[in-house]
2 protein chains.
Amino acid sequence: MKNKLKVYRAMFDFTQEDLAKKIGVSRQTINYIEKGKYAPSVLLALKLAYVFNCKVEDLFILENEDLKQEDSLIFQGGE
Amino acid sequence: MKNKLKVYRAMFDFTQEDLAKKIGVSRQTINYIEKGKYAPSVLLALKLAYVFNCKVEDLFILENEDLKQEDSLIFQGGE
DNA sequence: ACATTTTGTCAAGTATTTTTGACATGAATC
DNA sequence: GATTCATGTCAAAAATACTTGACAAAATGT
């Protein structure tokens, strides 16, 4: 899963700390999410999308890898 | 945060177990999310939206409460 | 009424996210 | 070259998500 947090943050000219305060988390959390160290909760994701006035899908992008792995029979679609 | 998982599941005529298998989690996880016992990761949310061919925002709905609480100065908007 | 499937729930354990506090780096300013 | 600000990172703890296995309640089908 990729994310465009850094880009959106730049568009709005927010520092990581600005953003952290806006959505009520620590600066490190923003940093870690931005660097892809972990995937936030959907609650956080929705708040981020709210702040940036965009969709969750604009910020967080599923990759094929995310769909393959699983036990899932449905996924591991095409190349 | 509300969610419309049950509704979408009904629309697609999936059981909790069907859905669980599709996205590669346990049935209980689906059940707990559906009952609002906890908020999934954005990764799970994206997969759910993918399966239902909809937006994360269609499945998970922020409520005013979610925005108030915070230390955030930006939120606690209107009534 | 009985069997089956689906859902709700519990408990205990593992994994992941989030927090706090701290420190190092690079860029910009003075 | 010292100061400040934004970012990257580490480590340890707290909180939350997720797993497995199991069982009861509710709904569905015969």
Side-chain angles (χ1 to χ4, degrees), chain A residues 1-52 56-57 59-63 65-75, chain B residues 1-52 56-57 59-63 65-75:
Chain A
M1 195 187 57
K2 285 191 307 182
N3 77 80
K4 294 246 182 297
L5 255 179
K6 195 168 187 169
V7 174
Y8 274 81
R9 209 161 48 69
M11 295 196 307
F12 282 72
D13 199 25
F14 290 159
T15 70
Q16 292 181 347
E17 191 158 25
D18 289 339
L19 186 52
K21 277 196 183 131
K22 279 183 207 302
I23 67 175
V25 296
S26 70
R27 181 182 68 80
Q28 287 83 340
T29 295
I30 298 297
N31 187 253
Y32 278 36
I33 292 169
E34 198 162 304
K35 302 291 283 182
K37 293 228 175 190
Y38 47 62
S41 70
V42 71
L43 191 55
L44 247 173
L46 285 169
K47 287 180 186 177
L48 289 167
Y50 176 86
V51 165
F52 290 133
V56 170
E57 279 86 352
L59 291 174
F60 299 95
I61 295 112
L62 269 187
E63 298 178 291
E65 290 186 16
D66 297 318
L67 302 177
K68 284 172 184 162
Q69 305 167 333
E70 328 289 331
D71 323 84
S72 155
L73 301 171
I74 295 296
F75 296 134
Chain B
M1 194 187 58
K2 285 190 307 180
N3 78 79
K4 294 245 182 300
L5 256 179
K6 194 167 188 171
V7 173
Y8 274 80
R9 210 162 47 70
M11 294 197 308
F12 283 71
D13 197 26
F14 290 159
T15 70
Q16 293 181 346
E17 192 157 25
D18 289 339
L19 186 52
K21 277 195 184 134
K22 278 181 207 302
I23 66 176
V25 297
S26 70
R27 181 181 67 81
Q28 287 82 341
T29 295
I30 299 297
N31 186 251
Y32 278 37
I33 293 169
E34 199 162 303
K35 301 291 285 182
K37 293 229 175 191
Y38 48 62
S41 71
V42 71
L43 191 56
L44 247 173
L46 285 169
K47 288 180 186 176
L48 288 168
Y50 177 86
V51 166
F52 290 133
V56 170
E57 279 86 352
L59 290 174
F60 298 95
I61 295 113
L62 270 187
E63 298 179 290
E65 289 186 16
D66 297 318
L67 302 176
K68 284 172 184 163
Q69 305 170 331
E70 328 291 330
D71 321 84
S72 156
L73 302 170
I74 295 296
F75 295 135

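Residue numbers start from 1 in every chain, and the chains themselves are labelled A, B, ... in the order their sequence lines are given, proteins ahead of strands.
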> Which distance, rounded to the nearest 0.5 Å, do you find between the CZ of Phe52(B) and the CG of Leu59(B)?
Replying inline: 6.5 Å
> Tell me, for nucleotides 4-14 of chain D in 5' to 3' order, what letter each nucleotide earns: B for a base near a protein heavy atom under 4.0 Å, S for only sugar-phosphate near one, - for neither?
Replying inline: --SBBBB----
> Tell me: CG of Leu43(B) to C1' of dC18(D), nearest whole Å?
Replying inline: 13 Å
>> Quick check on dT18(C): is either OP1 or OP2 less than 4.0 Å from any side-chain nitrogen or oxygen of Ser41(A)?
In response: yes
>> Working to the nearest 0.5 angstrom, can you tell me the gap between Asp66(B) CG and Lys47(A) NZ?
In response: 6.0 Å
>> Please report the distance, rounded to the nearest Å, between CD1 in Ile30(B) and P in dA17(D).
In response: 14 Å
> Tyr38(A) OH to dT17(C) C1': how many Å, rounded?
Replying inline: 6 Å
> Reading nucleotides 25-30 of chain D from the 5' end, what letters show protein touch, with B for base, S for backbone sugar-phosphate only, - for no heavy atom under 4.0 Å?
Replying inline: ------
> Atom CG in Asp18(A), atom CD1 in Ile23(A): separation rounded to 0.5 Å?
Replying inline: 11.5 Å
>> Using side chain to side chain contact (heavy atoms under 4.5 Å, CB included), reason through Phe14(B) and Val51(B) one step at a time and then give a plain yes or no.
In response: CA-CA 11 Å; Phe14(B) 290 159; Val51(B) 166; 3.9 Å; yes
> Within less than 4.0 Å of OP1 or OP2 of dC18(D), is there a side-chain N or O belonging to Thr29(B)?
Replying inline: no
> In Å and rounded to the nearest 0.5 Å, what is the CD to CG distance from Glu63(A) to Leu43(B)?
Replying inline: 10.0 Å
>> Would you compute the distance between atom CG of Leu19(A) and atom OH of Tyr8(A) and round it to the nearest 0.5 angstrom?
In response: 13.0 Å
>> Expressed as a whole number of angstroms, how long is the span from Ile33(B):CD1 to dG8(C):P?
In response: 13 Å
Compile the donor-acceptor pairs under 3.5 Å between side chains in residues 30-38 of chain B and protein atoms, sequence neighbours left out, one pair per line.
unit_1   : atom_1 : unit_2   : atom_2 : d
Asn31(B) : ND2    : Gln16(B) : OE1    : 3.3
Glu34(B) : OE1    : Arg9(B)  : NE     : 2.9
Glu34(B) : OE2    : Arg9(B)  : NH2    : 2.8

>> Rounding to an integer number of Å, can you tell me how far Lys21(A) NZ sits from dT19(C) P?
In response: 14 Å
> If every non-hydrogen atom of Ala49(A) is compared with every non-hydrogen atom of Glu57(B), which pair is closest and at what distance?
Replying inline: CB-OE2, 3.9 Å
